[in-house]
Structures are given as C-alpha cells and as structure tokens.
Amino acid sequence: MNQYIGKMLRVDLSTGEISKEALDDELVQNYIGGRGFNSRLAYNEIKPGIDPLSPENVLLMAAGPLGGTIAPASNRLSIAALSPQTGILGYANVGDSFAPSLRWAGYEQMVFTGKSPEPVYLWIDDDKVELRTAKHLWGKGVHETVHQIRKELESPEATLLSIGPAGENLVRFACVVGNLHRAAGRCGMGAVMGSKNLKSIAVRGTGTVKVARPQEFMKLAKAAHHKVKNSVLYPEFSIKGTSGMFVGHARMGIASVWNHQRVATVEEISKVGYEGQSQYFTRSLACYSCSMHCSHRWAISDGPYAGEKGSGMEYGVSVFLTSILGNFYVPSAFKGLNLVNDYGMDTTEFGCALAAAFEWYQKGIITKEDTGGMALEWGNYETILDLIGKIARREGFGDLLAEGAIRAAKVIGKGAEKFVTDCKGLSTHGADMRSVKGTILSLGICNKGADVMDAAPAAEFLSPEERKHMFGSADYGDPSKYTGKARLVFDKGIDGMIGDIFQICKFNTSWAWPGMLDANELVDMYNAAVCTSMTKEDVMMVAERIHTLERAFQARSGITKKDDFIKGPMTEEPVADGPLKGEHVDPEKYREALEEYYEVAGWDKETGVPTRAKLEKLGLGFVADDLEREGKLLVFR
Amino acid sequence: MSKRIKIDGSLCVGCGICELACSFNKVGEFGRSRSAIRVFDNEENDIFPVIIGQFTDVECTAKVDVVIGKHELDWCTMCRESCPAKAAFKELKNTAGIYCNMCGNPPDPQCVQWCPTGALMLVES
C-alpha cells in the first residue's frame, strides 16, 4: 500500500456501517486517482441496467493524489454513479476546498452504498466518522443546510458537499453543491444522494498531506505556479474567468439565442457576458491552492434584485440563464444562480429543458393549459426564475421538466423531441457548436453524454491568426473542417482525463490552452509526491485506460455507435443567421470523423465498442471477457 | 529596520496557498492546521488572512464584534478554529503552538513569497 495515498471510506447507508480500507497498489498504479478510481470501482460495483435511483446504485467520490498539497489547483473532487438522467455511468467534479480537507483528514475516496432509512449527513472529523440525523435539514436549501451543520458541529470551517430540495425530490439533474456556491453539476449526482437519503457530507481535516520527496516537490510546484501565472491565458482569465468566453462566442457567431434558433450579436452578449457582469463583481475568488482565481464574489446593487449577493457566475451558468432563453437582463442571472445553487440543480440541464419548453410553447406544441397558466415567453426572466423553484419542488409543469428535456419531450410527444439537442440523454452546451466540427465530435464521443468538459479542442476557438501563431498553421483546428479532428479530439480527451485523474482543474492544464501545465509537469509532481517513477507515456496510457473502461461500461449498458450522434436542432438544422449562417453538421462527414475517432481509440468501427486487442493492450482483458460474455464484443476482432 | 508582513485583504482571493507554504515551512507537510497564517472567509465579501502570533495558554474571554466595510462579524466565529485555546490549532505531537516567526534570514516569509496576488507584502515596520 502506498503510504502517500489516503484511505477509502466505505459507508453502507442501509446499515450505517462505516469502514476504512487501504486502496490497493494495483488500483493506484493503474488508475492514479480521482475519476480513475471512481470509474474503476464503478465498473466493479455498479451493475449496468439497475435503477440509478435505487439503493443498488453506488455513489463514488474521489480526490486526486495531489489534493491538499500546494500543487496548482489540485482541489478537485470527482463524483460518479449511475446517472439518473442518462441511465449510464455519470460523472462530474467540483472545486473549492472539499478534496483538500478530505485528504488532510486522511481519505482519498468515499464509497456510498445502500440507502439510509432516514435522512442523514456524514461528518468526517479526521479519524472520527459518523452518520448524523438530517431529518431537521430535509427540505432546506443548501445555504441553510451548510450554516446549520457548521453551527451544530461547532466548526465554521467545515467544508461541505450538500444537496438542496432538487436532490431530495429526485430532480434528474440535481447537482451536488460544494459549500455554498460550487457544484458538481452534471449527470444528476445530487439525485443519487437524495435517493440514498444523504443530505450532506461535512469534513474537517486537521491533519496533513505528506509527500515523498518534499524539496523536489516544492520546487516543481513553484515552477508550475510560475508557469500558470506567466501563461498566455492568465492575464485575461484570472480577471474574467470563464464568463470572458461568452463575448468571444458572439464574435465567432456561435452564441445561441432561443434554443439555437438564432445567434446573438456582440452587443447582446456584452450585456450578459463578463462585460455586463463585471459591474457587480466585488472581488476575485480562487478555489483552494489555485493561483488562477477565475471566480468572483458579487453583489447586486440595483433593480429588482438589489441586495442579492454570492459567488461564481461561470460561463456555463450565465449562458443557460440568459441568452439561450432570450434573456439579456444580467441581474436576473445572478438571482437565478443563487436559486439554482440553493435548490441544487445543474444549470446546463435546467437551461436546456427550459429552452426546449419555451420553444414548444412558441411553436404551439404546449399551451398555457400544459404549463399551469404560465406564458413561456422568451426573455421573461421572472418566469425563468419561477421555474427554478417549481422544478426543484416538482410543482405542476415543473414536475415534468424535472425529468430533464428529453424525458419531458417524450411525455409531451407531438414531435417535441426534435427541439431537444442531446446525446445519450444528456443535453448539450449552450453555445451553437454545429459550426465547430471538432467540438461537435467531442460532444458525441464524451462518455457521459453531450458534455464539453471532456474533449472539446480549445484550438477551434482561436482566430486563424492565433492558430497560425501557436500551431504553425491556420488549418490546425480550423472549426469548419472535419479532417484531422478525430485525432485532435482524442488527444484533447486524454489531456482532459489527465486533469481528472490528478484532479487538477483543467483551466490550469494544457487541456484549456497551449502552454499551460502539461502531462510532463503533472507526472513529475506526482512522482515526487507519491514516490513513483511514472513517465508521461505511462500517464497517457492510464488516461486512455480509464477512457476506454468508461466506454466499455457504457457499452455494457447498451451504448453503441448509434448513440454517438447528437440529436436535435443543433445538428439537424443549419445556422439561421450571423457570420456562420448556413453552417451545419454534414451527417456523412460527421460519421466519417466518428469512425476515424474509433480507429484512433481502438474501438470497433461498426459498433463503437472497444476491441479486444485494444482492451488487452490497456490491461483490460477482464473487460473484454465481460463484453464477450454479454455479446457486446464482436468476436475475432 | 525590522520587517513586518502587511496584509491587503482586498487583494486576497482566498486560495490558501500561503497556508500551505507556511505549513510546509513549519513541518515539511501540507495542511491548514499546521500553518501560522489562516485565511478566513465569511462567504460574503470578506476574505482576509490572519497571521498567528505567539500566544499563551490563557483562554480567550473576549467577545468582540468587528465591523469590516458594511459587515458586522462575530469575531469569535471567525477565529474559533484558529484559537490557540483549541487543540486543533496546536502542533499535535508536542502541543507547542505554531506561530509566525518571520521565517528566512534575513526575513523572507514563505507566505509572502508564494502569495499569487500581492495580498501579502513584506514591508519595513
């Protein structure tokens, strides 16, 4: 057992039994940490096809092997379980300070099984770990829950992961909220917590994290922080954060309005992007051990939401509360952010469900009779904010939308489905990616569904001049081209996975931008921290192993090539206006790029299932055996 | 001229890198509880690092409300976990307290060196 890797905390919520286990060397060596540990354990412990909201589902949470150290942005925690939204493996991750605290307390991973007979929360106070009643907290928002728990534990610094009413009410896209303002958003991990009657997890770690070669580690970490601070990305990103991308999207002609019916102008997005938000920002904010500090504290000083204050307002929040719904009043987005955080739900899925619903209303597929009298008119932010609570409480029309866009569309019928852009049941990015061919492919092959955080190539969002300057050719990453994208997306997926196994925020790594921390720097820090001697190639192999294992998990749940096509207006219709008018996804070229991707990944060209040869090469022979036994693998390949 | 650490809370982003740099300097390991600097954050608009000076065994009896900007803070809530009377803030092995001794000779504190925003500065006192 590696002494620099913490223990696994196993909590059987049905019996209340809590045990601590050492993580075995084979797991550490082959999966490194974070998302890797979760996906490997999920493969062993979650049976494909079970009801994600049943006690049989297993909720996994893991820090990275650098968590709690001074390594840049090593603060992220991966959460995985069978997703209530998609029915396949789901995963998300969250920053702030939970993972560092967990590692200071001595733990690497938490595994929750079963279902508690009544609402509980887990209190990890270093060695002392106990389940405490949460009956008095059930029904309460995240804000009140966090304050109440800190008060009763007499620990104002306890760091928490909680669910709000959305998680309790099994809203399929309920998220897990870190402290007050951070979230592991996607795939409905909050609903899994809710289904297990687990309201919150609080941790106080007063111990330390030791590293194997301290002086070497410190030197590497300092160089890594230096590299981040001197990167091309830093000057703008450390001030604007992810919201800064918003107006860039408008310039490109990919900022969607009205559920991708038209694109926004730069003027419109300037009202709701960083340019419009910044007047309310009061200071910059960082997650633990991150010098990038891309987030903000904010306070609203005017209008109907004056007095509202909080943290965050990332791109992925603002887009789904504003432009996609035709709303250009930025204070309403801040108010909405506080509401979604307090109720605990994923803004992406919320925004997509609303965007679809508003278009159904616009097109007459639903009427006031269906919505309980609400007029779903584009840009009406009062209706948008009203629906947050209605969905979380599963009230009236909100109850239907709480099922997520695609399930709601199936209930409604009348062709409602064609207004939902999704892949594998997970709704997609807020920007109009049909003009960005590599990114569309990355949404199609992302293991969890149409999510942008796995493998979207940043190069596609640069101008031709920037691409020429950075990569030597403007053709590299040209958003309009399919050629070369399979390789680009595959490599980007590996970059992203490396961030997720070390649990270093991807906005500090080369996933986000050339010249940020790459696999070499991360593996050097890792070796110095946990006393290993891995190479960059080893780590890339680990990343590919996890990516392929996740794909195999999904294949066992029935996912094949047919599920790698994005459905809905974003891929089925051309762009209606703006500089990219007429751009569309060519199904034939997309299929070719997809097949090329399979070839790069070593997956079968006809089925999209990993081949035995590839699985064996990655040390996943046991997975090939499982797939073969279940008839998912084409024999003789 | 002796030196002191000047704190500009308005520049602090709450990253806690100073805590880790300090704990590493003190004990060769990483952990907020072994640091002589602690970043407090009331999750509203106040984030400020507090440097722990030398302390005695006397229990705190003060109960002071502090006003920063427009916010009134219960100071006890803010510093409870770093209070020297609390076991959590003592070096567990020998129960000796961890406090700032202006590391480096001449003084060149690790927290100042690592602070990414200039919230901590070394100045002449």
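Everything numeric here is computed off the predicted structure, so don't read it as measured data. Letters A, B, ... are given to chains in the order of the sequence lines, protein chains preceding strands, and every chain is numbered from 1.
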Shortest non-hydrogen contact from A/Leu285 to B/Ile47?
CD1-CD1, 3.4 Å
Using non-hydrogen atoms and a 4.5 Å limit, figure out which bit of A/Val211 sits close to chain B: side chain, backbone, both or neither.
side chain
What's the verdict on side-chain contact (heavy atoms from CB on, under 4.5 Å) for A/His225 and B/Trp114, showing C-alpha distance, side-chain angles and the deciding distance?
CA-CA 9 Å; A/His225 276 284; B/Trp114 280 81; 3.6 Å; yes
Contact leader toward chain B among A/Lys229, A/Met292, A/His296, where contacts are heavy-atom pairs under 4.5 Å:
A/Lys229
In terms of heavy-atom contacts, A/Ser291 and B/Pro116 come closest through CB-CB, 3.5 Å
Heavy-atom cut-off 4.5 Å, strictly under: side chain, backbone, both or neither for B/Cys18 against chain A?
neither
Verify, without hydrogens or angle tests, whether A/Arg283 (side chain) and B/Cys12 (backbone) share a donor-acceptor contact under 3.5 angstrom.
yes
Find out whether B/Phe30 and A/Phe217 are in side-chain contact, i.e. whether some heavy atom of one side chain is under 4.5 Å from a heavy atom of the other.
yes
Looking only at heavy atoms, the pair that brings A/Cys290 and B/Cys15 closest together is O-CB, 3.2 Å
What heavy-atom pair brings B/Glu29 and A/Thr208 nearest, and what distance separates the two atoms?
OE1-OG1, 2.6 Å
Minimal non-hydrogen separation, A/Trp104 against B/Leu20, with atom names
CZ2-CD2, 3.8 Å
Taking everything shown except A/Lys227 itself, do over 12 heavy atoms lie less than 6.0 Å from its NZ?
yes
Counting heavy-atom pairs under 4.5 Å with chain B, the top scorer among A/Ser101, A/Gly207, A/Ala299, A/Ala73 is A/Gly207
Can you measure from CG (B/Asn25) to CE (A/Met218) and round to the nearest 0.5 angstrom?
8.0 Å
A/Glu236 atom CD: more than 12 heavy-atom contacts under 6.0 Å
no
